[in-house]
2 protein chains.
Amino acid sequence: MRITKHRQEILDVLDHSEEALSASAIHASLPHINLATIYRNLESFVEAGTITKLNLGGEEAQYEIQDEPHHHAICNECNKVIHFTVDDEKLVKEFALPGFLITNLEVTLRGTCATHKTKTK
Amino acid sequence: MRITKHRQEILDVLDHSEEALSASAIHASLPHINLATIYRNLESFVEAGTITKLNLGGEEAQYEIQDEPHHHAICNECNKVIHFTVDDEKLVKEFALPGFLITNLEVTLRGTCATHKTKTK
DNA sequence: GCTATAATGCAAATCATTCGCATTTAGTAT
DNA sequence: ATACTAAATGCGAATGATTTGCATTATAGC
């Protein structure tokens with residue numbers, strides 16, 4: 001994969017972001033890059049394993065740099081995504097299914113984040 | 001929510017299906033019901049908690065009857081979805097995040113199902 | 001049965017994502 | 001440095017899933 005200025009910029013934006021970003025969010029930060037190009041590059045990065053594509057529910061997919069493997073907790077109120085890690089090895093053992101070879105483990109929690117906890121009925 | 005013939009048919013199809021179905025799959029089984037109506041009803045059922053909407057990766061969302069809570073293992077080769085259960089209570093304790101109130105727990109495994117295990121490189 | 005309201009069909013509108021194709025550019029060989 | 005080839009871009013149009021507006025019809029209560 002070639003190292004183009006665009007690709008560097010896209011990775012840069014993702015790298016400096018605390019949260020996962022959608023293609024359009026990236027495009028908002030880099031309006032000079034065509035949206036189709038952003039999609040194409042994101043896809044390339046996902047294939048290369050550089051970033052991860054998240055389908056957390058609704059409309060747009062979110063993308064994030066693949067640092068260490070982690071999981072996601074999503075606030076029902078504000079859709080904020082919090083990262084957390086657990087002992088994946090251990091979980092994989094717990095989840096052992098007959099005949100199923102686990103290559104990837106994804107835990108998604110839904111709930112209420114600290115900021116909105118009090119507001120919950 | 002009114003009990004209409006259409007709604008009963010849709011639930012029936014989901015009830016008799018081993019796997020989660022997409023809106024278009026349901027429409028294929030019930031071609032006399034308008035696709036928009038199917039979408040509207042699926043949404044109502046989700047709100048009512050009767051069914052669950054799954055966003056397992058790609059294109060279409062999948063819907064399934066909400067029996068007992070369970071999780072999903074998806075085969076990378078054939079996209080078959082296998083259900084499994086674990087001790088959710090226990091996991092919630094393990095995952096405890098400071099300031100985050102967990103209301104829902106979703107585990108998604110990716111890997112290779114029994115049928116395709118041998119074919120993996 | 002009569003009525004008010006929710007459900008349905010249909011077609012058009014949205015929205016995210018993808019594609020085709022002509023043009024430009026990175027990486028490489030000359 | 002210069003020329004070349006394949007990959008990367010931009011742009012606009014195409015797709016595909018899902019939603020919406022609105023006129024029509026059916027359901028639940030009276």
Side-chain angles (χ1 to χ4, degrees), chain A residues 1-15 17 19-66 72 74 76 79 81 108, chain B residues 1-15 17 19-66 72 74 76 79 81 108:
Chain A
M1 178 158 70
R2 291 185 183 170
I3 302 166
T4 69
K5 190 168 293 188
H6 287 170
R7 295 221 235 258
Q8 293 177 49
E9 290 181 271
I10 292 171
L11 276 188
D12 232 46
V13 168
L14 282 171
D15 219 357
S17 170
E19 42 184 14
L21 299 175
S22 64
S24 60
I26 296 171
H27 185 237
S29 293
L30 304 171
H32 57 287
I33 304 182
N34 190 278
L35 185 54
T37 300
I38 291 177
Y39 272 107
R40 274 186 292 238
N41 284 333
L42 288 173
E43 194 191 329
S44 303
F45 288 141
V46 170
E47 281 173 21
T50 315
I51 68 176
T52 302
K53 180 179 184 176
L54 307 176
N55 292 84
L56 309 170
E59 349 42 77
E60 294 176 87
Q62 312 275 114
Y63 300 83
E64 65 181 14
I65 294 273
Q66 183 58 45
H72 302 92
I74 306 161
N76 293 326
N79 290 309
V81 178
T108 306
Chain B
M1 178 159 69
R2 291 183 183 170
I3 301 164
T4 68
K5 191 169 290 186
H6 287 170
R7 294 221 234 260
Q8 293 178 48
E9 291 181 90
I10 292 171
L11 276 188
D12 230 48
V13 167
L14 282 170
D15 219 359
S17 170
E19 43 183 15
L21 299 175
S22 64
S24 61
I26 295 170
H27 185 236
S29 294
L30 304 170
H32 57 287
I33 304 181
N34 190 278
L35 184 54
T37 298
I38 291 177
Y39 271 107
R40 274 187 291 236
N41 284 333
L42 287 173
E43 195 191 328
S44 302
F45 288 141
V46 169
E47 281 174 19
T50 316
I51 67 176
T52 302
K53 180 178 184 176
L54 307 176
N55 292 83
L56 310 170
E59 347 47 72
E60 294 176 89
Q62 312 275 114
Y63 301 83
E64 66 181 13
I65 294 274
Q66 183 58 45
H72 301 93
I74 306 161
N76 293 327
N79 291 308
V81 178
T108 306

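To find a chain, count down the sequence lines: A is the first, B the second, and so on, and within it residues start at 1.
Ranked by how close their nearest DNA chain D nucleotide is to the 5' end, B:Tyr39 and B:Met1 are led by B:Tyr39. Across the interface with DNA chain D, nearest-nucleotide mapping of A:Arg2 and A:His32 shows A:Arg2 to be the residue nearer the 5′ end. Annotation: of the two residues near DNA chain C, A:Ser22 and A:Arg40, the 5′-most nearest-nucleotide partner is A:Ser22.
Listed candidates were D:dT18, C:dG9, C:dC21. Nearest to the side chain of B:Ala23 is D:dT18. The A:Leu35 side chain lies nearest to C:dT17 when the options are C:dT17, D:dT9, D:dC11.
Rounded to an integer number of Å, the gap from CD of A:Gln8 to P of D:dT9 is 11 Å. Computed from coordinates, the A:Ile38 CD1 to C:dC19 P distance equals 17 Å when rounded to whole Å. Here C:dA16 presents its C1' atom at 12 Å from CD of A:Gln62, a figure rounded to the nearest Å. Between the CG atom of A:Leu42 and the C1' atom of D:dT9 there is a distance of 14 Å, rounded to whole Å. Note: CD1 (B:Ile33) to C1' (D:dT25) measures 15 Å, nearest angstrom. Nucleotide C:dT18 holds its C1' atom 14 Å from the CD atom of A:Glu47, rounded to whole Å. Summarising the geometry, the separation between NZ on B:Lys5 and C1' on C:dA6 is reported as 17 Å, rounded to the nearest angstrom. The distance from atom CD of A:Glu60 to atom C1' of D:dT19 is 16 Å, rounded to the nearest whole Å.
Between B:Asn41 and C:dT8 there is a side-chain polar atom (N or O) within less than 4.0 angstrom of OP1 or OP2. Note on B:Asn34: every side-chain N or O is 4.0 Å or more away from OP1 and OP2 of C:dT8. The side chain of B:Thr4 places no N or O atom within less than 4.0 Å of a non-bridging phosphate oxygen (OP1 or OP2) of D:dA26. Distances shorter than 4.0 Å separate some side-chain N or O of A:His6 from OP1 or OP2 on D:dG10.
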Show me the donor-acceptor pairs within less than 3.5 Å that the side chains of residues 31-42 of chain B make with the rest of the protein, sequence neighbours left out.
from    : atom 1 : to      : atom 2 : distance (Å)
B:His32 : NE2    : B:Glu9  : OE1    : 2.8
B:His32 : NE2    : B:Glu9  : OE2    : 3.2
B:Asn34 : OD1    : B:Ala36 : N      : 2.9
B:Asn41 : OD1    : B:Arg7  : NH1    : 2.4
B:Asn41 : ND2    : B:Thr37 : O      : 3.4

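Proximity of a side-chain donor or acceptor of A:Glu60 to a complementary backbone N or O of A:Ser22 within less than 3.5 Å is not detected.
A 4.5 Å side-chain heavy-atom check between A:Glu64 and A:His72 finds at least one atom pair inside the cut-off. Between A:Phe45 and A:Lys53 there is no side-chain heavy-atom pair separated by less than 4.5 Å.
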**Q.** Pair A:Ile26-A:Leu14, side-chain contact (heavy atoms from CB on, under 4.5 Å): steps then yes or no
**A.** CA-CA 8 Å; A:Ile26 296 171; A:Leu14 282 171; 4.0 Å; yes
